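First up is the structure itself, then whatever we jot down about it.
Bear in mind that the values here come from a model prediction, so they are computed numbers and not experimental data. Note on naming: letters A, B, ... go to the chains in the order of the sequence lines (proteins, then strands), and numbering restarts at 1 for each one.
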Number of protein chains: 2
Amino acid sequence: MKYDPNKKQSRGIERTQRAFAAAMFNSLAEKPFDKITVNALCKRADYPRATFYNYFDDKFDLLDFCWYKIAQDINIEIPNPNIDKSTIIQNFAQIYKLFDQYHILFQNIIDNNPIDSQLVNHFIHYFTEVIYESIKCNLNLKAIKAPAELVAQHCSTTIIEVLKWIFLGKHDVSLEDAEEYLNELLSGPVQV
Amino acid sequence: MKYDPNKKQSRGIERTQRAFAAAMFNSLAEKPFDKITVNALCKRADYPRATFYNYFDDKFDLLDFCWYKIAQDINIEIPNPNIDKSTIIQNFAQIYKLFDQYHILFQNIIDNNPIDSQLVNHFIHYFTEVIYESIKCNLNLKAIKAPAELVAQHCSTTIIEVLKWIFLGKHDVSLEDAEEYLNELLSGPVQV
DNA sequence: TCCATACTTGGACAGTTGTAAAATTACAAA
DNA sequence: TTTGTAATTTTACAACTGTCCAAGTATGGA
């Protein structure tokens, strides 16, 4: 992201960024992402174009900011220096609940954008990265050859895959079932 | 893709499409994807812009065609009505060899594009889809709750993940080791 | 209060995108 | 060879993108 949202920012800057994010969220709810132009976002947020480019490189950069705002609520506990399968499933529950809060937004997004669109991929990718960052280096692995980074990547992908299936694939799955799905996928679901 | 490459096409059409694909491959080898414009591709392929839009919706559509040309060589055997883990690993070997043939191209792509760029994601996504299409409906699953489609998705993602690690992540891994990695990921690598 | 500095804004610009229509070319049947 | 149809290319266009600069506006410190 162009602006580091972690560093403290003046009230004005935050207000402006929030206005653009709101414009994006509202636009996403009503039309496909590739029909959303920077011009339209500026009109909606009621800021001039130059201000947009002050804060964001392009509309993807704004998207990053939007996902960041959603992901802020995720507070993955990484006290555990060795994360095992049950820890993963615990954290999964937290993200499930977060996604559930936003399920109307996701519904709208999916109604306007194909599941394999740039937009959805961008979203998926962002959250996979969030998970990955929180579990890499801390996984408690079996005695295997595969490198830890690869396994961490695999776990985060799997977690997001289940959530994608549920919240972007229009499958109504309870948290309990979702946890079971995840557990199965992480345990080797295919016959030997 | 705008043009269905499966349906038979006149020699002229194929020549034109190949020219654009070649222009794309050559450009990819020397600069980042987002610096490649349709204009430049046309200049390189020596065709007018309107011809480009005759065959492709945009540069992503051309990319689809490029990956399609590579993927053509994959001939996944789906005689088996129930694919188990060893079948998956067999097919994996075939794709590993295919990717290995193109490893110089992939090297160049990675030198010019970040691993999490739109371009790489597009590539990954395309091949995940190819694998998914070939294994869905035929997986021999354990007695589990997770739906078959989700598991198929998970398997194809895992396969491509290992290949990404090797060929796009600059990790030199032999076929034998790669098969072992895949087997471990599909067997549940994390401690319970 | 004043000033210096940083940030915001408006306008302009070159380059790009995707589309639509008109003009040309290729090709196959008579 | 002629002719009609379809495929291909040309040209023109309106809109968008990202960057730059200069004028305007806040803001905080002295």
Side-chain angles (χ1 to χ4, degrees), chain A residues 1-24 26-28 30-66 112-114 117-119 122, chain B residues 1-24 27-28 30-66 113-114 117-119 122:
Chain A
M1 269 181 269
K2 191 166 188 173
Y3 263 64
D4 179 5
N6 294 315
K7 90 163 186 227
K8 202 180 64 182
Q9 294 174 334
S10 85
R11 217 149 295 282
I13 295 182
E14 254 210 67
R15 180 158 16 97
T16 311
Q17 289 180 327
R18 260 210 315 275
F20 279 116
M24 176 61 95
N26 292 330
S27 303
L28 283 177
E30 63 186 40
K31 60 166 89 169
F33 178 65
D34 47 313
K35 300 286 178 227
I36 301 174
T37 67
V38 175
N39 280 328
L41 288 168
C42 292
K43 197 171 291 181
R44 192 153 203 165
D46 198 27
Y47 278 96
R49 272 167 60 72
T51 304
F52 178 91
Y53 286 106
N54 248 351
Y55 294 110
F56 308 104
D57 288 324
D58 48 37
K59 61 178 185 168
F60 287 96
D61 198 38
L62 169 55
L63 263 194
D64 271 330
F65 180 78
C66 290
N112 291 307
N113 299 276
S117 59
Q118 264 191 19
L119 174 72
H122 188 271
Chain B
M1 271 181 266
K2 190 166 188 174
Y3 264 65
D4 180 5
N6 294 315
K7 93 162 186 230
K8 200 180 67 182
Q9 293 174 332
S10 85
R11 215 151 295 284
I13 295 180
E14 254 210 66
R15 178 156 19 95
T16 312
Q17 288 181 327
R18 260 209 315 275
F20 279 117
M24 177 60 95
S27 303
L28 283 178
E30 63 187 40
K31 61 166 87 168
F33 179 65
D34 47 311
K35 300 286 177 226
I36 300 175
T37 68
V38 175
N39 280 329
L41 289 169
C42 292
K43 197 172 289 180
R44 191 154 203 165
D46 198 28
Y47 278 96
R49 273 170 55 75
T51 304
F52 177 91
Y53 286 107
N54 245 354
Y55 295 112
F56 309 104
D57 288 326
D58 48 36
K59 61 179 185 170
F60 288 96
D61 198 38
L62 169 55
L63 262 194
D64 271 331
F65 180 77
C66 290
N113 299 276
S117 59
Q118 263 191 19
L119 173 72
H122 187 272

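Contact annotation: A:Thr51 side-chain N/O to C:dT9 OP1/OP2 distance is under 4.0 Å.
In this pair, B:Phe52 and B:Phe20 present their aromatic rings perpendicular. The plane angle is above 60°, beyond the 30 to 60° band.
When the salt bridge (charged side-chain N to carboxylate O under 4.0 Å, His left out) test is applied to A:Arg44, the partners found at least two apart in sequence or on another chain are A:Glu30. For A:Lys31, the side chain to side chain contact (heavy atoms under 4.5 Å, CB included) criterion is met by A:Lys35, A:Ile36, not counting sequence neighbours. Checked against ring pair (Phe, Tyr, Trp, His ring centres under 6.0 Å), A:Phe33 has the following partners two or more places apart in sequence or in another chain: A:Phe60. Every residue two or more places apart in sequence or in another chain was checked for a ring pair (Phe, Tyr, Trp, His ring centres under 6.0 Å) with A:Tyr53, and none qualifies. Remark: B:Asn39 engages B:Arg49 in a side-chain hydrogen bond (donor to acceptor under 3.5 Å, both in side chains) (not counting sequence neighbours).
One atom, CG of A:Leu41, and another, C1' of D:dT17, lie 13 Å apart when rounded to the nearest Å. Protein atom CG of B:Asn54 is 16 Å distant from nucleotide atom P of C:dT25, rounded to whole Å. Following rounding to the nearest Å, A:Asp34 (CG) and D:dC16 (C1') show an atom-to-atom distance of 14 Å. C:dT19 atom P lies 17 Å from atom OH of B:Tyr55, rounded to whole Å. B:Glu14 has its CD atom 19 Å from the P atom of C:dA26, to the nearest Å. As a whole-Å value, the separation of B:Arg15 CZ from D:dA7 P is 16 Å. Taking atom NZ of residue B:Lys35 and atom C1' of nucleotide D:dG18, one finds them 10 Å apart after rounding to whole Å.
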- [ ] Sugar-phosphate atoms are those with a prime plus P, OP1 and OP2; base atoms are the rest. Using that split, label each nucleotide of nucleotides 10-18 of chain C B, S or - for protein heavy atoms under 4.0 Å, 5' to 3'.
- [x] B-----SBB
